[in-house]
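To start, the structure under review is shown below, and the notes come after it.
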Amino acid sequence: YNAALPSEKAAEVSEYLRKKWLAVGGDRYALDIEMPVQTGGSVVRSVQPDEDGKYKFGTQVTLTAVLENAEAACFDRWEAGAPSGHERDNPLTVKVVGDMTLKPHFRFRWTFTDANKTAITDGYWTFPVSGPAQQLVLGRPSAKGSRPDIDFSLGLEGGSITSTVEGWICDAGNGIRDYVTEVILPETMTSLGPQALRQCSKLTKVTLPSRIASIGQGAFYNSPVLTTILPSTLPETVTFVGSHAFAGCQALHADFVLANTKCELGGGYDYLYGTFYQSGVRSIDFSKTRVKETPKGFASQCPNLICVK
């Protein structure tokens, strides 16, 4: 009949027929869940499919990925099927408009790769390590497949991760700095090495250990989209912040408070190497420290800086 109707009427008729079709059952589609091997987990659905395992077109379903042993692993992301920008939502709500397959991904506890304990892995990242099992030092990592973040919060059986070496993420040869979005450092870590997270183009969030004492020179240098460092106030244990540690972090609109009386700021030989040079920092408070003179250019060319105390 559409051929005999004006175009605007044809659209109305088409929409009417579509709604009638949906009202009596309409198109039905599958929503499949592909679980990773050996996860010991499941996905809970807010709405169950019909007896054929299908949903009506347009049905909204909320999916929650859960694990039997939450201490051994945690939810990371949906590897496939999630709407763009919602890959990390858990629960995740989707609208069934066609056959869909979703696969949850989980982060697993870090383990040693061999009996000699020469490296640790979570199945994706592998770090060479040195030092005794109770005080591991990380080397430069390698990655298997796509890995958007690094999370040590699950800990390591039989050992603690306490430090990093220079450039452990930023090595251009491994390409890691081009897709890391978040780094959660372990509570046992006391020192973030020089240039540890420099020039990470997609890094947006870093969680520091509550007892960290030293942030090395260039630690976050020129990570342009870094917006969040937790805790928002640097831990009171921080006694050293290196030159150009936050330089070039233009999106970091933070209020820094250095509370340790022994805290020192590393100086650079040029204003380009100031601690906060060209960063988005809003205020800096080191009134509780023994700093009597700021290093050369420590906060030069900071357009959002309104207060130094």
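By convention here, the first residue in the shown sequence is residue 1.
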Counterpart residues, salt bridge (charged side-chain N to carboxylate O under 4.0 Å, His left out), relative to E236 (two or more places apart) = none
For N116 and T118, test the side chains for any donor-to-acceptor distance below 3.5 angstrom and give the result as yes or no.
-> no
Compare all side-chain heavy atoms of V94 with those of P83 and state whether any distance is below 4.5 angstrom.
-> yes
Same cluster or not: are V257 and F240 linked, directly or through other Ile, Leu, Val, Met, Phe, Trp or Tyr residues, by side-chain heavy atoms under 4.5 angstrom apart?
-> no
Should D50 and Y55 be marked as a side-chain contact (heavy atoms from CB on, under 4.5 Å) after you check the CA-CA gap, both sets of side-chain angles, and the distance that decides it?
-> CA-CA 6 Å; D50 62 21; Y55 292 93; over 6 Å; no
Should F298 and Y277 be marked as a ring-ring contact (aromatic ring centres under 6.0 Å, His included) after you check the CA-CA gap, both sets of side-chain angles, and the distance that decides it?
-> CA-CA 6 Å; F298 89 108; Y277 170 71; over 10 Å; no
If every non-hydrogen atom of C263 is compared with every non-hydrogen atom of T289, which pair is closest and at what distance?
-> CB-CG2, 3.8 Å
How long is the span from the CD atom in E182 to the OG1 atom in T204, to the nearest 0.5 Å?
-> 6.5 Å
For the hydrophobic clusters of this structure (ILVMFWY residues joined by side-chain heavy atoms under 4.5 Å, transitively), does one cluster hold both I33 and V66?
-> no
Test L252 against every option in V225, V281, I229 by the side chain to side chain contact (heavy atoms under 4.5 Å, CB included) rule and name the one that passes.
-> I229
Can you tell me if S223 uses its side chain to pair, donor with acceptor, with the backbone of L203 under 3.5 Å?
-> no
Determine, step by step, whether T113 and F127 satisfy the side-chain contact (heavy atoms from CB on, under 4.5 Å) criterion, reporting the C-alpha distance in whole Å, the side-chain angles of both residues, the deciding distance to 0.1 Å, and the verdict.
-> CA-CA 10 Å; T113 60; F127 286 85; over 6 Å; no
Counterpart residues, side-chain hydrogen bond (donor to acceptor under 3.5 Å, both in side chains), relative to T239 (two or more places apart) | none
Please name the pair of heavy atoms, one in A245 and one in G216, separated by the smallest distance, quoted to 0.1 Å.
-> CB-O, 3.8 Å
For V129 and A119, which heavy atoms make the closest approach, and how far apart are they?
-> CG2-N, 3.8 Å
List the atom of E87, the atom of A82, and the distance in Å for their closest heavy-atom pair.
-> CA-CB, 4.1 Å
Report yes if the side chains of T227 and K205 come closer than 4.5 Å at any heavy-atom pair, otherwise no.
-> no
Is there a side-chain contact between K54 and P49, using heavy atoms and a 4.5 Å cut-off?
-> no
Linking I/L/V/M/F/W/Y whenever any side-chain heavy atoms sit under 4.5 Å apart, do I184 and L230 land together?
-> no
Between atom CD of E264 and atom OG of S214, what is the distance when rounded to the nearest 0.5 Å?
-> 10.5 Å
Determine whether L92 and F106 fall in the same hydrophobic cluster, where Ile, Leu, Val, Met, Phe, Trp and Tyr are linked whenever their side-chain heavy atoms lie under 4.5 Å apart.
-> yes
For the pair D99 (side chain) and A30 (backbone), establish whether a donor and an acceptor sit closer than 3.5 Å, ignoring hydrogens and angles.
-> yes
Side-chain touch N90/R88, heavy atoms, less than 4.5 angstrom | no
Going by distance alone, is a donor N or O of one side chain under 3.5 Å from an acceptor N or O of the other, for H105 and R77?
-> yes
Would you call the rings of F220 and F246 parallel, tilted or perpendicular if under 30° counts as parallel and over 60° as perpendicular?
-> parallel
Which atom pairs, one a donor and one an acceptor, fall under 3.5 Å between side chains of residues 58-65 and the rest of the protein, sequence neighbours left out?
from	atom 1	to	atom 2	distance (Å)
T59	OG1	K56	O	2.8
T62	OG1	T93	OG1	3.0

In terms of heavy-atom contacts, S42 and M35 come closest through N-CE, 3.6 Å
Nearest non-hydrogen partners of A299 and I284, listed with the distance | CB-CD1, 4.0 Å
Salt-bridge test for R107 and D122: reply yes if a basic N is under 4.0 Å from a carboxylate O, no otherwise.
-> no
Check whether any side-chain heavy atom of V308 lies under 4.5 Å from a side-chain heavy atom of F286, and answer yes or no.
-> yes
One should read off an interatomic distance between D114 CG and T121 OG1, to the nearest 0.5 angstrom, of 11.0 Å
Between OG of S283 and CG of D255, what distance do you get to the nearest 0.5 Å?
-> 3.5 Å
Would you call V238 and I212 a side-chain contact if the rule is heavy atoms closer than 4.5 Å?
-> yes
Counting only heavy atoms not in E79, do more than 12 fall under 6.0 Å of its CD?
-> yes
Of Q250, H244, Q301, which is the lone residue that meets side chain to side chain donor-acceptor pair (under 3.5 Å) with Q278?
-> Q301
Side-chain heavy-atom pair N260, L234 within 4.5 angstrom cut-off | no
If you round to the nearest 0.5 Å, how far is CG of L258 from OG of S287?
-> 9.5 Å
Going from CG on L31 to CD on Q48, what distance comes out if it is rounded to the nearest 0.5 angstrom?
-> 10.5 Å
Show your reasoning for whether side-chain contact (heavy atoms from CB on, under 4.5 Å) applies to L102 and D32.
-> CA-CA 6 Å; L102 286 97; D32 296 326; over 6 Å; no
If we only count heavy atoms from C-beta on, is the I120 to T111 side-chain gap below 4.5 Å?
-> no
